[in-house]
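For reference, the structure is listed below as structure tokens.
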Amino acid sequence: MTMSGVGVAEAAAVLGVQPQAVRKMLREGLLEYEPGLRGIAVVVSSASLARLQAMRARGSGRPWSERTAWAGIDLLSGGSAGWLTPQARYRLRRSVEQQTADEFLWSARRRASVYRYRGDAEAVPLIAAHVIPTAASAVADDARVAAAFGLAGGSGIVDGYVPAGVAQQISAAYALAEDPGGNIVLREVTFTEPLANGTPMPAIALDLADSPTTRERSAGMRYLEGVLAHGRSS
């Protein structure tokens with residue numbers, strides 16, 4: 001154990017699951033890597049482990065499937081989530097209306113499988129051309145997004161969505177090294193329809209809320225709290 005993280009085996013013991021289940025949870029965002037720790041050993045964030053335990057204890061249920069997560073995001077964006085049946089859409093809308101930002105973050109955890117790498121500066125703009133930007137990349141690319149979250153864009157990073165199977169292709173093409181604290185984040189989705197016009201703002205907020213950076217995390221949660229409160233009052 002470290003001051004702020006635990007190993008995969010210890011996290012598995014705490015949760016009562018196998019180590020491979022913990023690695024799957026890390027890919028799906030149910031658990032997070034401890035930021036700033038690099039090397040061979042995978043270190044799970046103690047904060048994310050405690051959050052997962054708390055959500056389980058509160059009976060928050062299992063996170064939505066990928067398609068349902070994107071439907072919830074679409075509804076929060078003012079869309080119709082047209083890929084759902086009317087009955088499923090009604091039930092989901094009622095669920096979203098009753099959720100807090102923390103609960104929505106939990107429910108939408110399985111929207112993508114997340115892969116984190118480190119690459120050199122020359123690779124960053126080349127990789128950026130292959131992704132649909134989100135989180136810090138969306139902030140850097142669009143002044144309106146930056147203003148909505150009260151953040152300033154940075155450089156030297158890529159964070160974006162790609163179709164399933166593409167992360168490994170990009171990793172091989174640009175000789176990327178897996179790194180939980182890396183500067184390249186690729187979020188694989190099997191369902192791309194909700195991203196046809198770019199990353200929806202609630203999804204950007206969710207991805208920022210998962211950031212190891214306090215300011216980005218706070219900005220994402222603040223946006224989610226505001227849009228959920230607006231939905232309850234309308």
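Side chains included, hydrogens not; waters and symmetry mates left out as well; all remaining heavy atoms used.
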Inset, instruction - State plainly whether one hydrophobic cluster holds both Leu195 and Tyr115, where clusters connect Ile, Leu, Val, Met, Phe, Trp and Tyr through side-chain heavy atoms under 4.5 angstrom apart. - result: no
Legend entry - Closest non-hydrogen atom pair, Arg118 against Gly182: NH2-CA, 3.4 Å
Inset, instruction - Run the ring-centre check on Trp70 versus Tyr161 and record whether the distance is less than 6.0 Å. - result: yes
Inset, instruction - Report yes if the side chains of Leu208 and Thr134 come closer than 4.5 Å at any heavy-atom pair, otherwise no. - result: no
Legend entry - Short side-chain to backbone donor-acceptor contact, Asn183 and Gly119, under 3.5 Å: yes
Inset, instruction - Return yes when atom CZ of Arg89 has more than 12 non-hydrogen atoms of other residues, nucleotides or ligands closer than 6.0 Å, and no otherwise. - result: yes
Inset, instruction - Look at the side chain of Ser107 and the backbone N and O of Glu103, then say whether any donor-acceptor pair between them is shorter than 3.5 Å. - result: yes
Inset, instruction - Please check if Tyr117 and Tyr33 belong to a single hydrophobic cluster, counting links between Ile, Leu, Val, Met, Phe, Trp and Tyr side chain heavy atoms closer than 4.5 Å. - result: no
Legend entry - Least distance between heavy atoms, Leu49 atom then Leu31 atom: CA-CD2, 3.7 Å
Legend entry - Verify same cluster id: Ile157, Val162 (apolar side-chain graph, 4.5 Å): no
Legend entry - Worked verdict on Met25 versus Leu15 for side-chain contact (heavy atoms from CB on, under 4.5 Å): CA-CA 11 Å; Met25 291 176 189; Leu15 296 172; 3.9 Å; yes
Legend entry - OG1 on Thr213 to CZ on Arg215, rounded to 0.5 Å: 10.5 Å
Legend entry - Side chain proximity check, Asp102 to Leu224, heavy atoms < 4.5 angstrom: no
Legend entry - Thr199 side chain near Val145 side chain, heavy-atom distance below 4.5 Å: no
Inset, instruction - Report the distance from atom CD1 of Ile184 to atom OH of Tyr174, rounding to the nearest 0.5 Å. - result: 10.0 Å
Legend entry - Qualifying salt bridge (Lys or Arg N to Asp or Glu O under 4.0 Å) pairs with a residue from residues 146-159, counting only residues at least two apart or across chains: Asp159-Arg187
Inset, instruction - Provide the closest heavy-atom pair for Ala209 versus Met221 in the form atom of the first, atom of the second, distance. - result: CB-SD, 3.7 Å
Inset, instruction - Mind listing the closest non-hydrogen atom pair of Pro200 and Ile73 along with its distance? - result: CB-CG2, 3.9 Å
Legend entry - Spacing of Leu84 atom CG and Tyr90 atom OH [to the nearest 0.5 Å]: 15.0 Å
Inset, instruction - Kindly indicate whether the side chain of Pro194, heavy atoms from C-beta on, has any atom under 4.5 Å from the side chain of Asp74. - result: no
Legend entry - Any side-chain heavy-atom pair of Val166 and Val131 under 4.5 Å: no
Legend entry - For Pro125, all residues meeting side chain to side chain contact (heavy atoms under 4.5 Å, CB included), sequence neighbours excluded: none
Legend entry - Glu188 side chain to Ala167 backbone, donor-acceptor under 3.5 Å: yes
Legend entry - Nearest non-hydrogen partners of Ala148 and Tyr223, listed with the distance: O-CD1, 4.4 Å
Inset, instruction - Indicate whether the side chain of Ser211 and that of Glu216 have a donor and an acceptor atom separated by less than 3.5 Å. - result: yes
Legend entry - N/O donor-acceptor pair under 3.5 Å between Trp83 side chain and Arg67 backbone: yes
Legend entry - Short side-chain to backbone donor-acceptor contact, Ser95 and Arg91, under 3.5 Å: no
Inset, instruction - Report yes if some heavy atom in the side chain of His130 is under 4.5 Å from a heavy atom in the side chain of Leu186; otherwise report no. - result: no
Legend entry - Heavy-atom neighbours of Gln168 CD exceed 12 at 6.0 Å: no
Legend entry - Pairwise distance CH2(Trp106) to CG(Leu206) - rounded to 0.5 angstrom: 14.0 Å
Inset, instruction - Starting at CD1 of Ile132, measure out to OG of Ser137 and round the result to the nearest 0.5 Å. - result: 12.5 Å
Inset, instruction - Please check if Val139 and Val124 belong to a single hydrophobic cluster, counting links between Ile, Leu, Val, Met, Phe, Trp and Tyr side chain heavy atoms closer than 4.5 Å. - result: no
Legend entry - Same apolar cluster (I L V M F W Y, side chains within < 4.5 Å links), Val189/Leu75: yes
Legend entry - Least distance between heavy atoms, Val6 atom then Ser46 atom: CG1-OG, 4.0 Å
Inset, instruction - Report the hydrophobic cluster partners of Val114, with the cluster defined as I, L, V, M, F, W, Y residues connected by side-chain heavy atoms closer than 4.5 angstrom, directly or transitively. - result: Val185
Inset, instruction - May I ask you to test the Thr100-Leu228 pair for a side-chain heavy-atom distance under 4.5 Å? - result: no
Legend entry - Atom pair CD/CD of Gln99 and Glu97 - distance to nearest 0.5 Å: 10.5 Å
Inset, instruction - Answer whether the closest heavy-atom distance between the side chains of Arg111 and Asp207 falls below 4.5 Å. - result: yes
